[in-house]
Amino acid sequence: MSFQIPRGTQDILPGEVEKWQYIEQLARDLCRRYNYQEIRTPMFEHTELFLRGVGDTTDIVQKEMYTFEDRGGRSITLRPEGTAAVVRSFVEHKMHGQPNQPVKLYYIGPMFRYERPQAGRFRQFVQFGVEALGSNDPAIDAEVIALAMDIYQSLGLTKLKLVINSLGDIESRKAHRQALIAHFKERIGEFCADCQTRLEKNPMRILDCKKDRDHELMATAPSILDYLNESSRTYFAKVQTYLTKLGIPFEVDPRLVRGLDYYNHTAFEIMSEAEGFGAITTLCGGGRYNGLVQEIGGPETPGIGFALSIERLLAALQAEGISLPIETDLDCYVVALGEKAKEEAVVLVHALRQAGIAAEKDYQDRKVKAQLKAADRLNAQYVAILGDDELEKQVINVKNMKTGEQTEVPLASFVEYVKQALV
RNA sequence: GCGGCUAUGGCGAAGUGGUUAACGCACCAGAUUGUGGCUCUGGCAUUCGUGGGUUCGAUUCCCACUAGUCGCCCCA
């Protein structure tokens, strides 16, 4: 009997995990600069939260949730996204009453969606996301977008495309919805089955259809931008002004519609335009969700955020041929030959480690040559060789692996010597 | 949820209805009885994703399942 990892999940092994750590660290550092603080919420929540938060007409809720009943008879769901939980926590802990407004939070952790795995799509994947709650200033929209771009650019990605749109406020959306229905209604029979059901449920999504994108009615469809009321239009214009001032290039795409129900006003996506990136090009998606806090039971509070997947970020790095500056070198490898020396090596390695030096020794009872080879494989900067001869003289031979130079050092000052040499 | 392709040692990858399953990398050992990265020599799959079927005989043919992969839907 042997076991396999569950479908759509992955083990991140040494050699790969360092990249994750690097990216996570970078994201955390940037959040500090932008003054976003980490929040950690559970990996599962009451199912109802997602029904209300994400929206029960969305695909995520309708067919992608990991939902189960726990032993207490509660319906529990592994979180498919991060925003609903953050907002839940915001409301539950009454963060709207905190002195520092807006409340700026970030999270990083696994999300779960029951989907068919594909390039850049997993059943468990890691999202990094931020949420800014409590401000209606278009500047915060620009800040959130800037932070997302900053992460990608700090990693060296260049083939990026930022697409933004405004979905308007409730009033604007309503007007647009009516216009869309009127536009498509008579000839909806010429569209795909999905679009036909979308007409009544969420006509905006028709614009996002991949199958019918070339239909003549698509080009002439009423654009949300023409239905934005005064305040929505002003808001969107301001966001664009800020982005321009920040030197962030963007493209307005009136057909950008996000799949989660809670979005309004600013919506954006960052895509990779790298060659051979595959069918899924979206690296990051986000937008404003001004009604969500209330929907979750809190006071009327505006909010905006985004989420990006580390898996796709890594894929984009690979597509652009970028390798991260990851250090895994070992400082010192202690080679020992002979029983006495082996015993002493145990002590020496420990002493090195206590002094803050990354040290290793052999545990496979290998010959000197093989131990050197192991040290070489570990990219050891120095190798310290200890045999009976050295022990007798109370010295140890320290070899610089780059230059090949070897120095005889008194055992008493060995740790200090290595420490100095490494500087 | 739907469709295409794939599944052979740690990795990559040949191959055949029939006694020993190429090769490369990696790994181990030796040449070099205490010194790495080069070279040479040798070693390293009771077994070809799992289960079932066809057959005298299957890793090779068929079916199912599982998984990967690419695409659709959707999304991060």
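Small disclaimer: the values here were computed from a predicted structure and weren't measured. Residue numbering restarts at 1 for every chain, and letters A, B, ... go by the order of the sequence lines. FYI, side chains are in, hydrogens and waters are out, and symmetry mates aren't considered; it's all heavy atoms of this structure.
Between the P atom of B:G36 and the CG atom of A:Leu337 lies a distance of 13 Å, rounded to the nearest Å. In this structure, CD1 of A:Ile5 is placed 21 Å from P of B:A7, rounded to the nearest angstrom. Put simply, CG on A:Leu372 is 13 Å from P on B:C28, counting in whole angstrom units. We find that CG of A:Leu391 is positioned 15 Å from P of B:G34, with the value rounded to whole Å. For the pair A:Arg121 CZ and B:G68 P, the interatomic distance rounds to 13 Å; values are reported in whole Å. Distance, A:Glu64 CD to B:A76 C1': 11 Å, rounded to whole Å. Here the P atom of nucleotide B:A76 and the CZ atom of A:Phe50 are 14 Å apart, to the nearest Å.
The stretch residues 305-325 of chain A touches RNA chain B through A:Ala307, A:Ser309, A:Arg312, each having a heavy atom within less than 4.0 Å of the strand. Contacts with RNA chain B (heavy atom under 4.0 Å) in residues 395-412 of chain A: A:Lys399, A:Met401, A:Gly404, A:Gln406, listed by number.
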Under 3.5 Å, N/O pairs linking protein and nucleotides 8-13 of chain B:
none

Using the 3.5 Å cut-off, write out each protein N or O paired with an N or O of nucleotides 63-65 of chain B and the distance between them.
none

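Contacts of A:Gln124 with the nucleic acid, taken as non-hydrogen atoms under 4.0 Å apart, are absent. A:Gln371 comes within 4.0 angstrom of no nucleic acid atom, judged by non-hydrogen atoms across all strands. Residue-level contact check: A:Gly338 touches neither bases nor backbone, having no heavy atom under 4.0 Å from any strand. A:Ala119 comes within contact range of the sugar-phosphate backbone alone, with a heavy-atom separation under 4.0 Å but no base atom that close. Across all strands shown, A:Gly82 has no heavy atoms under 4.0 Å from either base or sugar-phosphate atoms.
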Output the pairing pattern of RNA chain B as a dot-bracket string, 5' first, Watson-Crick or G-U wobble with both distances under 3.5 Å, | for cross-strand pairs, [ ] for crossing pairs. (((((((..(((.....[....))).(((((.......))))).....(((((..]....))))))))))))....

Apply salt bridge (charged side-chain N to carboxylate O under 4.0 Å, His left out) to residues A:Glu38 and A:Arg40 and explain how you reach the verdict. CA-CA 7 Å; A:Glu38 182 172 7; A:Arg40 300 191 188 189; 2.9 Å; yes

Can A:Glu190 and A:Arg187 be said to form a salt bridge (charged side-chain N to carboxylate O under 4.0 Å, His left out), step by step? CA-CA 6 Å; A:Glu190 298 166 28; A:Arg187 295 173 65 186; 2.9 Å; yes

Going through the checks in order, is the side-chain contact (heavy atoms from CB on, under 4.5 Å) test met by A:Arg7 and A:Tyr114? CA-CA 10 Å; A:Arg7 183 162 210 206; A:Tyr114 191 86; over 6 Å; no

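Judged by a 6.0 Å distance limit and a 45° cone about the ring axis, A:Lys104 is not positioned over the six-membered ring of A:Tyr106. Under the 6.0 Å distance and 45° angle rule, A:Arg113 does not count as a cation-pi partner of A:Phe125.
Taking the C1' atoms as reference points, B:A7 lies 15 Å from B:C11, given to the whole Å. The same atom, C1', is picked in B:U59 and in B:A21; the two are 9 Å apart, to the nearest Å. When the C1' atom is compared between B:C27 and B:U19, the two are found 31 Å apart, to the nearest whole Å. Taking the C1' atoms as reference points, B:G9 lies 14 Å from B:G43, given to the whole Å. Between B:U20 and B:U47, the two P atoms lie 13 Å apart (nearest whole Å). Taking atom C1' on both nucleotides, B:U54 is separated from B:A29 by 46 Å, rounded to a whole Å. Annotation: B:C38 and B:U32 have their C1' atoms spaced 14 Å apart (nearest Å). A distance of about 15 Å separates the P atoms of B:G12 and B:C70, rounded to the whole Å.
For the pair A:Lys393 and A:Glu390, the salt-bridge criterion is not met [side-chain N within less than 4.0 Å of a carboxylate O]. Classification of A:Arg353 and A:Glu360 as a salt-bridged pair holds, one side-chain N sitting under 4.0 Å from a carboxylate O.
The shortest side-chain heavy-atom distance between A:Ser89 and A:Ile39 falls under the 4.5 Å cut-off. Using a 4.5 Å cut-off on side-chain heavy atoms (C-beta onward), A:Thr77 and A:His46 make no contact. No side-chain heavy atom of A:Val144 sits less than 4.5 Å from a side-chain heavy atom of A:Tyr34.
Between A:Arg366 and A:Ile270, the residue anchored closer to the 5' end of RNA chain B is A:Arg366, taking for each the nucleotide with the nearest heavy atom. Toward the 5' end of RNA chain B, the nearer of the two residues A:Arg113 and A:Lys367, judged by each one's closest nucleotide, is A:Lys367.
Nearest to the side chain of A:Arg116, among B:G1, B:A76, B:C73, sits B:G1. When distances are taken from the side chain of A:Glu390 to each of B:C72, B:G34, B:U69, the shortest belongs to B:G34.
A:His183 pairs by the ring-ring contact (aromatic ring centres under 6.0 Å, His included) definition with nothing, not counting sequence neighbours. In this view, A:Arg52 and A:Glu295 satisfy the side chain to side chain donor-acceptor pair (under 3.5 Å) rule, not counting sequence neighbours. Applying the side chain to side chain contact (heavy atoms under 4.5 Å, CB included) criterion to A:Arg366, with sequence neighbours excluded, gives A:Asp362, A:Gln364, A:Ala370, A:Gln371, A:Ala374, A:Arg377. Residues passing the side chain to side chain donor-acceptor pair (under 3.5 Å) test with A:Arg288, sequence neighbours excluded: A:Asp141, A:Tyr235, A:Asn290. Residues meeting the side chain to side chain donor-acceptor pair (under 3.5 Å) test with A:Tyr36, sequence neighbours left out: A:Glu143.
One finds the CD1 atom of A:Ile151 at 8.5 Å from the CD1 atom of A:Ile270 (value rounded to the nearest 0.5 Å).
Regarding contacts with the backbone of B:C28, a side-chain N or O of A:Arg377 is found under 4.0 angstrom from either OP1 or OP2. Distances shorter than 4.0 Å separate none of the side-chain N or O atoms of A:Lys369 from OP1 or OP2 on B:U35.
No hydrogens or angles were tested; on distance alone, a donor-acceptor pair under 3.5 Å links the side chain of A:Asp376 to the base of B:G36. Residue-to-nucleotide contacts include no donor-acceptor pair under 3.5 Å from the side chain of A:Glu269 to the base of B:A76.
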Identify each donor-acceptor pair in which a side-chain atom of residues 153-162 of chain A lies under 3.5 Å from a protein atom, sequence neighbours left out, and give them as a table.
unit_1: A:Ser154; atom_1: OG; unit_2: A:Asp150; atom_2: O; d: 2.7
unit_1: A:Ser154; atom_1: OG; unit_2: A:Asp150; atom_2: OD1; d: 3.1
unit_1: A:Thr158; atom_1: OG1; unit_2: A:Glu320; atom_2: OE1; d: 3.1

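Sorted by first and then second residue, the side chain to side chain donor-acceptor pair (under 3.5 Å) pairs with a member in residues 410-423 of chain A read A:Thr407-A:Tyr417, A:Glu416-A:Gln420; sequence neighbours excluded.
Although no hydrogens or angles enter the test, the distance criterion places no donor-acceptor pair under 3.5 Å between the side chain of A:Glu115 and the main chain of A:Pro117.
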